[in-house]
Amino acid sequence: MHMSSADLREAFLEFFRKQGHQIVPSSSLVPHDDPTLLFTNAGMNQFKDTFLGTEKRNYTRATSSQRCVRAGGKHNDLENVGYTARHHTFFEMLGNFSFGDYFKKEAIHYAWQFLTEVLKLPKERLLVTVYATDDEAFGIWEKQIGVPKDRIIRIGDKSPEKPYESDNFWQMGDTGPCGPCSEIFYDHGEHIWGGPPGSPEEDGDRFIEIWNLVFMQFNRQASGEMQPLPKPSVDTGMGLERIAAILQDVHSNYEIDIFQNLIKAAATILDVKDLENKSLRVIADHIRSCAFLITDGVMPSNEGRGYVLRRIIRRAVRHGNKLGASKPFFFRLGSALALEMGSAFAELHQQMPVIERVLQVEEEQFLRTLDRGLTLLDAELENLNGKIIPGETVFKLYDTYGFPADLTADIARERELEIDQEGFDKAMEAQRQRAKKANQFGVDYNQGVVIEEKSEFEGYDGVSNLATVTAIFNQEGESIQQLTNGQNGQVVLDRSSFYAESGGQTGDTGELIMGDGAFTVTDTQKSGEAIVHMGYVAHGEIHVGEELTAQVDEVRRQSIRLNHTATHLLHAALRKVLGDHVQQKGSQVGPDRLRFDFSHFEPISLSTTRHIEQLVNEEIRRNVAVGTELMDLDTAKQAGAMALFGEKYDDEVRVVSMGEFSTELCGGIHVDRTGDLGTFKITSEGGIAAGVRRIEAVTGAHAWNHLYDIADTLLEVSGYVKGDSTNAKDKVRQLAERQRWLEKEVERLNAKLSAAAGSELAEQAIDISGIKVLVANLEGVDGKSLRSTMDELKSKLGACVIVLSAVNDNKISLITGVAKEVTGKVKAGELVNMVAQQVGGKGGGRPDMAQAGGSDVNALPAALESVTPWLQERLG
């Protein structure tokens with residue numbers, strides 16, 4: 001059966017929907033509240049807390065087509081992409097999941113039914129593997145499904161010393177849920193080399209794994225003990241690209257419809273005729289991961305997720321460069337990707353202006369660093385002894401300028417040189433070890449406080465309620481029965497008016513009031529379904545089972561409510577003024593101010609900022625009622641409610657509406673009417689990453705205080721310039737113009753002084769083997785003027801070597817000059833570094849001119865004295 005990738009995705013989800021599974025949208029590539037993962041790399045990631053039992057959902061069966069990235073951290077396929085049939089940085093994982101509902105029997109039957117009845121794959125082409133000791137799964141495959149014994153392969157542990165380390169035993173981490181798995185393989189035929197799993201030829205391409213059924217049976221303890229899970233579950237995954245290749249009767253994933261169309265688009269943009277070129281495959285793969293990472297809020301940077309994105313972009317640009325691209329091209333592939341995948345992932349269309357802009361900026365930046373890297377390489381080659389470029393140099397080019405080692409090798413070959421590959425690999429390995437030590441993505445899943453209790457939230461209706469203490473924890477997270485005067489801890493109540501931090505809204509503060517005591521709440525957080533009140537006993541004692549009054553700080557709460565409602569109005573105003581591509585990328589709602597991050601690709605002008613501000617204030621003056629309504633997720637979306645991508649929503653959601661201006665899904669606390677905000681004032685707007693802007697604003701009394709501060713500042717400035725609020729602007733402008741004129745005059749006079757000083761200094765030069773040598777520290781000269789003094793001296797002395805220094809604010813400025821005819825014996829960069837190292841600094845530059853800084857003023861005289869003997873060795 002021939003089937004397009006889009007039809008295959010739809011058929012899979014529809015099949016499992018008919019088997020009672022809830023279709024769950026793909027989660028973000030940035031794992032939600034999960035510090036253990038670099039990127040979402042499997043369908044089960046978004047259900048991890050459900051499998052762990054810390055999160056309850058109102059369904060026990062789910063199915064999804066999850067977007068995944070494997071390009072950093074534990075799973076890193078980057079170097080293989082484009083050169084093998086099945087490696088990708090981005091792929092889609094089709095999956096079906098059971099949370100304590102069905103187990104091995106149903107999972108196996110569903111998989112077989114979908115493959116053989118819906119997709120109509122020939123049964124004789126399929127074989128399966130089970131974990132060596134999983135007789136239950138073996139029996140289901142043999143007796144119920146009818147797979148012949150010789151097509152069911154038992155796969156054991158890789159070594160007796162490491163139990164459960166097997167391709168057919170899945171583990172969430174070193175601890176936590178785990179269990180045996182059963183993999184389904186497809187036989188591509190005898191004409192392709194390779195053997196079945198478990199055989200010496202298993203790495204061949206004949207037998208390809210298409211679906212992995214994981215049976216979560218145990219909870220592995222830190223001691224290695226396997227505890228049976230009370231509710232065994234199922235987690236499955238099938239790569240969309242792999243199964244599409246089989247259905248479209250092609251051998252490589254890169255031959256399926258999605259990739260062929262992207263490869264053709266790239267070839268057209270780059271004017272390449274050979275569609276089999278491996279670089280086109282790399283580019284087609286990389287546009288998918290880059291576009292979706294940017295959609296999900298990742299921006300290029302030099303650390304963490306942003307660095308992985310930057311590396312993928314640069315690799316794509318490098319492959320375009322190999323195909324002859326000399327200007328940005330990669331960003332132009334965005335529209336081709338939207339055509340292929342936009343129907344399944346609408347957010348791709350919404351974010352396309354941001355995606356294209358971020359990619360274009362990053363491409364332009366890397367193309368500039370390519371030039372700078374070549375300049376550095378030229379300088380290094382000038383000092384090269386022999387025919388081999390050192391590994392450290394190759395690594396420096398890679399690490400500083402993003403130069404791949406193969407590009408350096410190409411340049412080396414053109415100049416009849418070689419690179420020290422072994423030295424480069426050694427430097428890379430040292431970096432990997434440093435990164436491994438710094439890696440934060442490795443966490444014990446059984447660590448931390450797991451709170452079983454559930455709290456009812458009553459804060460929508462008020463700021464006070466009667467409650468019973470259901471649990472208390474000390475600072476170490478241990479469950480205890482009581483806290484006494486002065487002790488810190490965490491208190492869980494059966495019901496609470498305290499809002500636990502989430503959705504950008506900060507947690508409430510206040511008091512838990514006991515009969516003759518009080519617990520001061522300094523923060524409120526969530527743990528599973530519990531509301532956790534963090535703080536200390538102000539006086540008296542607090543006990544488990546005790547009845548008390550939970551009292552939220554009402555003034556602080558009201559300020560937070562104002563700011564939270566303001567973020568909704570701001571979000572709506574931004575979309576109306578800037579466009580539908582605007583998407584919330586983060587927010588922080590506190591009592592003093594609000595912060596709102598959103599996708600947009602260029603700075604916002606002052607007039608546009610004012611327009612946005614005016615729109616929000618118009619809605620405040622209209623004083624419309626803020627409505628909240630509970631409804632199912634689909635109905636809410638049909639009603640036009642904005643959902644924040646990457647957020648988890650239950651089937652029943654809370655919809656917050658402000659007239660027709662704003663409708664969003666939100667669990668936070670809002671005011672009754674927009675007029676309660678009083679006024680709204682933006683205090684700052686700026687970029688925080690490529691394609692992401694940040695607005696900070698204030699409301700209510702804080703907005704008025706901000707306006708008072710501005711008025712007070714204007715009065716103070718008016719006083720300084722002997723004016724008033726009506727003419728202060730003109731007076732400050734005149735002052736600034738006068739300042740600029742004076743600065744230029746000072747520069748002109750300094751240059752004059754430098755020239756005069758240069759004439760006097762020239763007479764102090766000594767002769768070493770016919771070369772004029774001058775070493776001097778200039779009093780009262782700033783760092784800028786050293787350069788003009790150096791130029792003056794070089795023109796006077798001819799064949800010379802000059803070292804000048806100056807000290808300003810305990811900082812040393814150094815400059816060295818070497819006449820062109822002397823650079824064969826002495827290079828300015830080496831000389832300036834020799835001096836700089838003695839005064840706690842470093843520097844560099846061209847062979848004829850170099851600069852450096854330093855901080856050890858006391859060491860300067862001795863450092864300058866060392867110049868003459870150093871030069872005598874080289875010039876003598």
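Each residue takes its place number in the sequence, starting with 1. When reading the values below, keep in mind they use all heavy atoms of this one structure, side chains included, and skip hydrogens, waters and symmetry mates.
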(request) Could you tell me which non-hydrogen atom of Ile283 sits nearest to which non-hydrogen atom of Ala266, and how far apart they are? (result) CG2-CB, 4.2 Å

(message) Going by the rule side chain to side chain donor-acceptor pair (under 3.5 Å), which residues pair with Ser289 if we only count those two or more places apart in sequence or in a different chain?
(response) Thr89

(message) Under the rule for salt bridge (Lys or Arg N to Asp or Glu O under 4.0 Å), what residues qualify as partners of Asp157, not counting sequence neighbours?
(response) none

(message) Could you tell me if the side chain of Gln490 sits less than 4.5 Å from the side chain of Val492, heavy atoms only?
(response) no

(request) Measure the shortest side-chain to side-chain distance between Val298 and Leu29 over non-hydrogen atoms and say whether it is less than 4.5 angstrom. (result) no

(request) Measure across Leu94 and Ser65 and return the closest heavy-atom pair with its distance rounded to 0.1 Å. (result) CD2-OG, 3.6 Å

(message) Could you report the tightest heavy-atom contact between Glu202 and Pro196, atom names first, then the distance?
(response) CB-O, 3.6 Å

(message) Salt bridge or not between Glu241 and Arg288? Use side-chain N to carboxylate O under 4.0 Å.
(response) yes

(message) For the backbone of Asp187 and the side chain of Arg125, can you confirm whether one donor and one acceptor N or O come within less than 3.5 Å of each other?
(response) yes

(message) For Arg242, give me all partners under salt bridge (Lys or Arg N to Asp or Glu O under 4.0 Å), at least two apart in sequence or on another chain.
(response) none

(message) What's the separation between atom CD1 in Ile287 and atom CG in Leu262, rounded to the nearest 0.5 Å?
(response) 8.0 Å

(request) Could you list the residues that satisfy ring pair (Phe, Tyr, Trp, His ring centres under 6.0 Å) with Tyr131, not counting sequence neighbours? (result) Phe169

(message) Go through it in stages, so that I can follow the logic: the residues are Thr63 and Gln22, the test is side-chain contact (heavy atoms from CB on, under 4.5 Å), and I'd like the CA-CA distance, side-chain angles, deciding distance and then a yes or no.
(response) CA-CA 6 Å; Thr63 184; Gln22 170 77 37; over 6 Å; no

(request) Please name all residues satisfying ring pair (Phe, Tyr, Trp, His ring centres under 6.0 Å) with Phe207, sequence neighbours left out, ordered by chain then number. (result) none

(message) Any side-chain to backbone donor/acceptor pair from Ser527 onto Ala530? Under 3.5 Å, distance only.
(response) no

(request) Ignoring hydrogens and angles, tell me if any N or O in the side chain of Gln248 forms a donor-acceptor pair with the backbone of Asp257 under 3.5 Å. (result) yes

(request) Only pairs at least two apart or in different chains count here, so list each side-chain hydrogen bond (donor to acceptor under 3.5 Å, both in side chains) that has a residue in residues 134-148. (result) Lys104-Asp134, Lys104-Glu136, His109-Gln144, Asp135-Arg154, Trp141-Ser182

(request) Can you see which heavy atom on Asn41 is nearest to which on Phe91, and at what distance? (result) O-CZ, 3.9 Å

(request) For Leu8 and Leu247, run side-chain contact (heavy atoms from CB on, under 4.5 Å): C-alpha distance rounded to whole Å, both residues' side-chain angles, the deciding distance at 0.1 Å, then the answer. (result) CA-CA 9 Å; Leu8 171 58; Leu247 292 172; 3.8 Å; yes

(message) Taking the ring centre of each residue, are His21 and Phe12 less than 6.0 Å apart?
(response) no

(message) To the closest 0.5 Å, what do you measure between CG (Asn96) and CE (Met238)?
(response) 8.5 Å

(message) Tyr102 vs Thr60, test: side-chain contact (heavy atoms from CB on, under 4.5 Å). Steps then yes/no.
(response) CA-CA 9 Å; Tyr102 62 81; Thr60 55; over 6 Å; no

(message) Can you confirm whether Gln525 is buried at CD, in the sense that more than 12 heavy atoms of other residues, nucleotides or ligands lie under 6.0 Å from that atom?
(response) yes

(message) If we ignore hydrogens and angles and just use 3.5 Å, is the side chain of Ser98 paired with the main-chain N or O of Phe103 as donor and acceptor?
(response) no

(message) Around atom CD of Gln227, are there more than 12 heavy atoms from other residues, nucleotides or ligands closer than 6.0 Å?
(response) yes

(request) Give a yes or no on whether the backbone of Val282 and the side-chain of Asp285 come within a donor-acceptor separation of less than 3.5 Å. (result) no

(message) Does the plane of the ring in Tyr110 sit parallel, tilted or perpendicular to the ring in Phe16? Use 30° and 60° as the thresholds.
(response) perpendicular

(message) Can you list everything that forms a ring pair (Phe, Tyr, Trp, His ring centres under 6.0 Å) with Phe345? Sequence neighbours excluded, please.
(response) Phe292

(request) Evaluate the side-chain proximity of Cys290 to Leu309: yes if any heavy-atom separation is below 4.5 Å, no if none is. (result) yes

(request) Quick one: pull up CG in Asn253 and CG in Leu240 and give me the separation to the nearest 0.5 Å. (result) 9.5 Å

(request) May I ask you to test the Arg305-Phe39 pair for a side-chain heavy-atom distance under 4.5 Å? (result) yes

(request) Locate the shortest heavy-atom distance separating Pro163 from Pro160; write the atom from each residue and the value. (result) CD-O, 4.0 Å

(request) Please list, chain by chain and in numerical order, all residues satisfying side chain to side chain donor-acceptor pair (under 3.5 Å) with Thr50, sequence neighbours excluded. (result) Glu55, Arg57

(request) Please identify each residue that fulfils side-chain contact (heavy atoms from CB on, under 4.5 Å) with Ser502, with sequence neighbours left out. (result) Tyr499, Lys526

(message) When you compare the side chain of Ile208 with that of His188, does any pair of heavy atoms fall below 4.5 Å?
(response) yes

(message) Using side-chain heavy atoms (C-beta onward) and a distance below 4.5 Å, is Pro197 in contact with Glu209?
(response) no

(message) Can you see whether Gln66 engages Ser27 through a side-chain donor-acceptor pair at a distance of less than 3.5 angstrom?
(response) yes

(request) Any chance you could measure Cys181, atom SG, to Gln217, atom CD, to the nearest 0.5 Å? (result) 11.5 Å

(request) Taking all heavy atoms of Ala111 and all of Ile184, pick out the closest pair and write down the distance. (result) CB-CD1, 3.9 Å

(request) Report yes or no: does Ser252 contribute a side-chain atom to a donor-acceptor pair with the main-chain N or O of Val250 at less than 3.5 Å? (result) no

(request) Could you tell me which residues satisfy ring pair (Phe, Tyr, Trp, His ring centres under 6.0 Å) with Phe15, sequence neighbours excluded, listed by chain and number? (result) Phe114

(request) Using modelled atom types only, decide if a donor and an acceptor are shared between the side chain of Ser233 and the backbone of Gly100 within a distance under 3.5 Å. (result) yes

(request) Using a 4.5 Å cut-off on heavy atoms from C-beta on, say whether the side chain of Thr116 contacts that of Leu126. (result) yes

(request) Assess whether side-chain contact (heavy atoms from CB on, under 4.5 Å) is satisfied between Tyr254 and Glu276, documenting all intermediate values. (result) CA-CA 10 Å; Tyr254 288 98; Glu276 298 301 312; over 6 Å; no

(message) List the residues meeting salt bridge (Lys or Arg N to Asp or Glu O under 4.0 Å) with Glu14, not counting sequence neighbours, and say none if there are none.
(response) Arg17

(request) Find the distance between CE (Met44) and CZ (Phe97) and round it off to the nearest 0.5 Å. (result) 8.0 Å

(message) Restricting to salt bridge (Lys or Arg N to Asp or Glu O under 4.0 Å), what partner residues turn up for Arg9, sequence neighbours left out?
(response) Glu92

(request) State whether the number of non-hydrogen atoms from other residues, nucleotides or ligands found under 6.0 Å of Glu124 atom CD is greater than 12. (result) yes

(message) I need the Arg206 CZ to Glu190 CD distance, nearest 0.5 Å.
(response) 5.0 Å

(request) State, yes or no, whether a side-chain contact exists between Arg67 and Asp296 at a heavy-atom distance under 4.5 Å. (result) yes

